[in-house]
Amino acid sequence: MKSVQFEFEDFYGTVDGLERLDVIYAADQEATRAERLWYRSRFSSPDQATACRSYANTLKHLIGFLRYGVRPVGLKEEHYRLFCQIRERSDTRHFYPTA
C-alpha cells in the first residue's frame, strides 16, 4: 500500500509525474489492495474501516476521472484539485497522437 493511513495525498505523492496510463494502473492496484484489506481485516476502530473504504472509493473516482473526464458527485474539493493536477501533469500522448 502506498498509503498506510489511507490518505489520498500520500498516493498523490507517489504518482506525481507518471504517465496517465501508469497512474490509472497504480490507482487500480491500490484500490484493489484497499478493498481487500477492508473485506479481510478487522479494524481496531470503525473510523479506520471507514477511512479504508473511502480511500478505495476516491481511487476509483480518480480512475473514472482520468479515463472519462467525469467529475464524481460528492468528491471533496481538495481531492478534485489533486485530480486536476494529476491529469495536467500526466503525459497525454497515448490519447492524442501526433501524426
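Any value given below was found using the heavy atoms of this structure, including those in side chains, with hydrogens, waters and symmetry copies removed. Start at 1 with the first residue, then count along the sequence.
Once rounded to the nearest 0.5 Å, the distance linking CD of Q29 with OG1 of T32 reads 6.0 Å. The distance from atom CG of D16 to atom OG of S90, rounded to the nearest 0.5 Å, is 10.0 Å. Here the CZ-CD1 distance, from R67 to I24, works out to 5.5 Å after rounding to the nearest 0.5 Å. E88 CD to R20 CZ: the interatomic distance, rounded to the nearest 0.5 Å, is 10.0 Å. Interatomic distance, NE2 of H79 versus CG of N57, reported as 11.5 Å (0.5 Å rounding). Separation of atoms CG (L21) and CG (L66) is listed at 9.5 Å; rounding is to 0.5 Å.
Residues K76 and F8 form no side-chain contact, since every pair of their non-hydrogen atoms from C-beta on lies 4.5 Å or further apart. With contacts defined as side-chain heavy-atom distances shorter than 4.5 Å, the pair F11/T14 qualifies. Residues R53 and Y39 have side chains in contact (heavy-atom distance under 4.5 Å, counting atoms from C-beta outward). L62 places none of its side-chain heavy atoms less than 4.5 Å from the side chain of L82.
Taking the six-membered ring where tryptophan is involved, the planes of F6 and Y55 are tilted, since the angle between them lies from 30° to 60°.
Evaluation of the side-chain contact (heavy atoms from CB on, under 4.5 Å) rule for E7 yields S3, Q5, E9, D10 as partners, not counting sequence neighbours. For F65, the ring-ring contact (aromatic ring centres under 6.0 Å, His included) partners two or more places apart in sequence, or in a different chain, are Y80, F83.
Closest approach of C52 to A34, counting heavy atoms only: SG-O, 3.1 Å. Shown here for A26 and V15, the closest heavy-atom pair between the two residues is CB-CG1, 4.0 Å.
For R81 and E78, the salt-bridge test fails: no basic side-chain N is under 4.0 Å from an acidic carboxylate O.
Y68 belongs to a hydrophobic cluster whose remaining members, ordered by chain and number, are V70; membership requires side-chain heavy atoms of ILVMFWY residues under 4.5 Å apart, directly or through intermediates.
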